Student: 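Got a structure here, written out as structure tokens. Questions coming.
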Amino acid sequence: ATNLGTGLSDYVNTIVVQADGKILIGGAFNTVNNVTVNRLARLASTGVPDTAFNTALGTGLDDEPETIALLDNGKIIVGGQFQNFNSAAAKYIVRLTAAGARDTAFDAPFGTGFDGAVLKVLVQYDDEMIIAGSFANLNAVATKPMIRLNAAAEVEGRSFRDAAALLFLFSLSGTLEALAMAKTKSAIEGLVKLRPSQALLVQSGVEIRVPVEQLKLDDLVRISKNPQ
């Protein structure tokens, strides 16, 4: 936290850690340690702002990013509520080079872009992307609020069901994890409730019923098959 100096001026929506340990952050903030960054920035693994990257962003985004995703080639996909990047139109999504400059080759297939916010971008193993958001059109053509793009940023023609299935599995895994945690907690609580309040302590051949809290290490107790 010390390396962040005065820190961020507002909240963070998304954080992604790169393979080299550097940290990408996006949100409502306009400054990091009193330096203007306009809603997107990169930090070193130590928390120190990456000055070269942040400078390459220029004037940054004009509204909040909601999602950041990394490609295998080091390029960065940013989606969100914004409509401009570095004072040039970028309808809710933009791709950056590893250095922070805009990758204009990504823009051509989008034409006029989306007509609503991009809320989530998932990158597949083959660098194809699943994009979900509040949009209803891409380049003035009606589309579903979840689409898949190939590595060239062109709308993928394969079955949409594959993309839906992938997002469903992501969601399902989180739900199953929560259910497993809940069942584990319930099982532990059940075992605690089964703990007897008293025990039969054997001393010199005589059984004495005592509260379990009074038992000590090496005490001899009798276990009854049908405890009362």
Side-chain angles (χ1 to χ4, degrees), residues 12-27 39-43 45 50 53 56-57 61 64-83 85-86 88-178:
V12 174
N13 290 332
T14 180
I15 301 175
V16 173
V17 180
Q18 298 181 174
D20 60 3
K22 292 182 179 180
I23 306 161
L24 291 161
I25 55 174
R39 304 176 183 88
L40 185 65
R42 188 166 70 187
L43 311 175
S45 58
D50 183 341
F53 181 88
L57 296 176
L61 303 170
E64 296 177 29
E66 299 287 349
T67 181
I68 299 173
L70 301 176
L71 300 175
D72 286 343
N73 59 10
K75 293 183 178 181
I76 302 158
I77 304 292
V78 183
Q81 308 282 349
F82 57 87
Q83 297 192 51
F85 172 78
N86 195 17
K91 295 293 186 177
Y92 308 102
I93 194 167
V94 67
R95 186 168 72 186
L96 308 178
T97 66
R102 183 171 185 167
D103 181 2
T104 54
F106 182 77
D107 301 331
F110 283 98
T112 56
F114 291 106
D115 64 345
V118 170
L119 303 177
K120 188 65 178 177
V121 176
L122 295 176
V123 178
Q124 299 179 172
Y125 69 93
D126 54 3
D127 272 353
E128 292 192 349
M129 293 170 285
I130 297 172
I131 300 175
S134 59
F135 51 82
N137 292 275
L138 173 59
N139 195 20
V141 176
T143 185
K144 300 294 185 182
M146 183 167 63
I147 62 171
R148 180 164 57 190
L149 304 181
N150 62 26
E154 299 166 333
V155 176
E156 177 59 58
R158 287 184 293 173
S159 172
F160 177 76
R161 288 177 298 178
D162 293 345
L166 183 59
L167 281 183
F168 171 75
L169 290 174
F170 270 98
S171 177
L172 180 61
S173 66
T175 301
L176 291 177
E177 181 180 2

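These figures come from a predicted structure and were not determined experimentally. In what follows, residues are counted from 1 in the order of the sequence shown.
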Student: Distance from I131 atom CD1 to T67 atom OG1, nearest 0.5 Å?
Tutor: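 Answer for the CD1-OG1 pair, I131 versus T67, is 9.5 Å.
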Student: Quick check for you: to the nearest 0.5 Å, what is the distance between R95 atom CZ and K75 atom NZ?
Tutor: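 If I round to the nearest 0.5 Å, the distance is 4.5 Å.
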Student: For the pair L57 and L96, evaluate side-chain contact (heavy atoms from CB on, under 4.5 Å) and give the outcome as yes or no after the intermediate values.
Tutor: CA-CA 9 Å; L57 296 176; L96 308 178; 3.8 Å; yes
Student: Does E66 have any side-chain hydrogen bond (donor to acceptor under 3.5 Å, both in side chains) partners at least two apart in sequence or in another chain, and if so, which?
Tutor: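 Scan of E66 (side-chain hydrogen bond (donor to acceptor under 3.5 Å, both in side chains), adjacent residues dropped) gives Q81.
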Student: Checking side-chain contact (heavy atoms from CB on, under 4.5 Å) between M129 and each of V123, I93, I147, which is the one that passes?
Tutor: V123
Student: Are F135 and F114, when compared by the centres of their aromatic rings, separated by less than 6.0 Å?
Tutor: yes
Student: With rounding to the nearest 0.5 Å, note down the distance linking CD1 in I76 to CG in L40.
Tutor: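 One finds 7.5 Å between CD1 of I76 and CG of L40.
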Student: Give, for atom CG of L24 and atom CD of Q18, the distance between the pair rounded to the nearest 0.5 Å.
Tutor: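 CD of Q18 is found 4.5 Å from CG of L24.
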Student: How long is the span from the CG atom in L119 to the OG1 atom in T14, to the nearest 0.5 Å?
Tutor: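 Spacing of CG (L119) from OG1 (T14) equals 11.5 Å.
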Student: For residues R39 and L61, report the shortest heavy-atom separation together with the two atoms involved.
Tutor: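 Closest heavy-atom pair between R39 and L61: NH1-O, 2.6 Å.
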Student: Hey, does T112 have a side-chain heavy atom less than 4.5 Å from the side chain of K91?
Tutor: no
Student: Which pair of non-hydrogen atoms, one from D115 and one from Y92, has the smallest distance, and what is that distance?
Tutor: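 In this case the closest contact between D115 and Y92 is C-CE1, 3.7 Å.
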Student: What is the minimum heavy-atom distance between A56 and A101, and which atoms define it?
Tutor: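 Scanning both residues completely, I find the closest heavy atoms to be CB-N, 4.1 Å.
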Student: Can you check whether A142's main-chain N or O pairs, donor with acceptor, with N137's side chain at less than 3.5 Å?
Tutor: yes
Student: Please list, chain by chain and in numerical order, all residues satisfying salt bridge (charged side-chain N to carboxylate O under 4.0 Å, His left out) with D107, sequence neighbours excluded.
Tutor: R102
Student: Minimum heavy-atom separation for I77 and V121, please, with both atom names.
Tutor: CG2-CG1, 4.0 Å
Student: When rounded to the nearest 0.5 angstrom, what is the spacing between CD1 in I68 and NZ in K120?
Tutor: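 Reported to 0.5 Å precision, the distance equals 10.0 Å.
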Student: What is the minimum heavy-atom distance between A90 and V94, and which atoms define it?
Tutor: CB-CB, 4.4 Å
